[in-house]
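For reference, positions follow the sequence shown, starting with 1. What's counted below: heavy atoms across the whole structure, side chains too, no hydrogens, waters or symmetry copies.
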Amino acid sequence: MEEINNNRAVGLSDLNKEIFGSFYLAKSYIGGFIRDFRSFSYLLKHFKLKEFINFYYTKALVPTGEGSQKWFYHLGLSNLIQKFPDKAPLPRFFEIETTTVCNKKCFICEYLYWQKDAQVKRHLSLDEFKHIVNQFPDIRWINMTGEGSSFLNKDYTSMLKYLWEKHKTSIWLVDHLSDISFETLKKDVFPYVQGIYVSIDAATKKTYELIKIGCDYENVINNLKDIIKYKQTNRTPFPHLSFRYVILTENMHEMPLFLDLLNSIAKPNEWGGSSSIVEFAGLLYFPEIYSHYLSGIPLDILKELLKRKNGIEFRFSHAEERRNPPIECCIAWMEPYIMMPGYVLPCCSVLMSNKRPFLREYSFGNLFEKDFKEVWRGDYYAKFRKMVVDPCAPVPKICAGCRAYRTEHRIKEYGIWDITKEK
């Protein structure tokens, strides 16, 4: 890092290798495997065999979702999937939106900018949830989140309980933890959930409540402290806690302070296992919020992060678009996202783009009209899977402009495939 000019900002995509070295990924996964030993031991000690299997499945075979370490994909499974996409099995993992209702006004969220009739605003009912989940045989992993505030849905905790009682599913959440009391967490969430990604985009109350308008900073921090006490008292590694901090022009200066905040609450090993990290994420922007986007981080902030690390694992994600891997390397399409109410999308990367009518039009189908097996094996989804990994094929329109993978080179050479032109 000393060779870098102190006055320049470092691109997000360069940060992990630049800070941690070329082999940071291998070291991270080896270290993560060691940290997860306590979690595996805990599940075996308490005779939770199905949970053990699903936790292992999460670490090894979930393609991109929260909690995954992608063990098998790093050992070559990705290459096989990309070579034979038509052989991809029916997914045993998916993400689902359980509400499009929110009482917050976070200025970086597309929810605030939805045009009239762009998206119905309502909760998914428990019966609707069961209808969807029961279309996935032997479900192993699920992430229940979306563009709403989950705990406002009165059926949400009943959904967690249903998944656990029927499948012992490995459940992961992304939430701000502002709408819920610790007592409710202890009673209705912890018995069923293996991991929570806490969305918290600042270290101080002033900046946090400037960004996440309507959220309660004190309640979030108190919940975190109480969760740690709960884990200590019950001698359990679950739920694993991770943190997603979206980097903005308004909060960049508080990134080092955020590590200080976490270290003031708990020791690094008390947050959980391999998935217990701080993820500093670049903003997935759309035109209305572009002014908050930050393309690079000053070197002095990076140095402060390393100084204040004190054992906390952190990484950067959502790299600069020009340095993203090409779309033919994508395996995220293996992990479908179910958008309200019931629309099947290829992954979560197409969300947060403020174009809901477009996503409905180009979805693979609706699970209240067709069974997921029929959708997955349908001509549209099958052709999509072959096309997205073919370096000499047009880019499916739903993926054009993806911010996780580069698409421009393929679009320039082979164009865009528009399924609606074939209907």
Side-chain angles (χ1 to χ4, degrees), residues 1-32 35 106-108 197-212 217 241-268 271 274-286 289-326 349 352 403-406 408:
M1 288 180 59
E2 286 71 14
E3 298 177 1
I4 302 174
N5 187 314
N6 280 311
N7 294 320
R8 84 167 177 86
V10 182
L12 295 182
S13 61
D14 300 328
L15 291 181
N16 292 315
K17 285 186 179 180
E18 192 139 16
I19 293 177
F20 304 118
S22 299
F23 300 102
Y24 83 94
L25 195 58
K27 290 187 287 186
S28 174
Y29 284 116
I30 292 172
R35 292 196 304 277
C106 308
F107 63 65
I108 60 172
Y197 271 62
V198 183
S199 176
I200 178 168
D201 305 323
T204 65
K205 174 181 172 66
K206 180 180 178 181
T207 304
Y208 175 86
E209 294 184 354
L210 169 71
I211 297 168
K212 304 184 87 64
Y217 177 83
L241 287 178
S242 299
F243 302 90
R244 185 163 289 148
Y245 186 115
V246 178
I247 307 168
L248 310 170
T249 56
E250 291 85 354
N251 67 6
M252 173 188 66
H253 63 289
E254 289 193 0
M255 292 163 62
L257 293 176
F258 185 67
L259 298 187
D260 289 347
L261 173 65
L262 296 185
N263 276 315
S264 72
I265 296 173
K267 297 176 182 177
W271 295 113
S274 61
S275 51
S276 295
I277 61 168
V278 176
E279 181 182 278
F280 290 115
L283 177 66
L284 295 179
Y285 62 85
F286 43 92
I289 62 172
Y290 182 74
S291 62
H292 305 289
Y293 174 68
L294 189 72
S295 61
I297 301 175
L299 186 62
D300 59 341
I301 290 181
L302 299 181
K303 289 182 175 180
E304 282 299 310
L305 284 171
L306 289 176
K307 281 183 185 178
R308 306 188 191 197
K309 188 172 183 284
N310 291 328
I312 293 178
E313 295 291 323
F314 68 87
R315 69 180 179 211
F316 296 87
S317 63
H318 301 154
E320 291 174 316
E321 295 172 38
R322 66 187 179 87
R323 296 185 185 274
N324 285 348
S349 293
M352 294 179 284
R403 289 157 296 178
Y405 293 89
R406 283 188 291 110
E408 294 82 359

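Residues H292 and I211 have side chains not in contact (no heavy-atom distance under 4.5 Å, counting atoms from C-beta outward).
For the atom pair OH (Y217) and CG (L210), the distance works out to 14.0 Å, reported to the nearest 0.5 Å. Summarising the geometry, atom CG belonging to L294 is positioned 12.5 Å from atom CZ belonging to F280; distances are rounded to the nearest 0.5 Å. Rounding to the nearest 0.5 Å gives a distance of 8.0 Å between CD1 of I108 and CG of N251.
Under the side-chain contact (heavy atoms from CB on, under 4.5 Å) criterion, S199 pairs with D201, K212, sequence neighbours left out. For the side chain to side chain donor-acceptor pair (under 3.5 Å) test, no residue two or more places apart in sequence or in another chain qualifies with R35. Every residue was checked against the salt bridge (charged side-chain N to carboxylate O under 4.0 Å, His left out) condition with E250, not counting sequence neighbours, and none meets it. Residues satisfying the ring-ring contact (aromatic ring centres under 6.0 Å, His included) criterion with Y197, sequence neighbours excluded, are absent altogether. Remark: K205 engages E209, E218 in a salt bridge (charged side-chain N to carboxylate O under 4.0 Å, His left out) (not counting sequence neighbours).
The main-chain N or O of A203 is found under 3.5 Å from a side-chain atom of E254 such that the two form a donor-acceptor pair.
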Taking only distance into account, with no hydrogens and no angle test, what donor-acceptor pairs under 3.5 Å do side-chain atoms of residues 305-313 form with protein atoms, sequence neighbours excluded?
from, atom 1, to, atom 2, distance (Å)
R308, NE, E304, OE1, 2.9
R308, NH1, D260, OD2, 2.6
R308, NH2, E304, OE1, 3.0
K309, NZ, I312, O, 3.3

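Ring geometry, Y293 versus Y285: the interplanar angle falls from 30° to 60°, so the pair is classed tilted.
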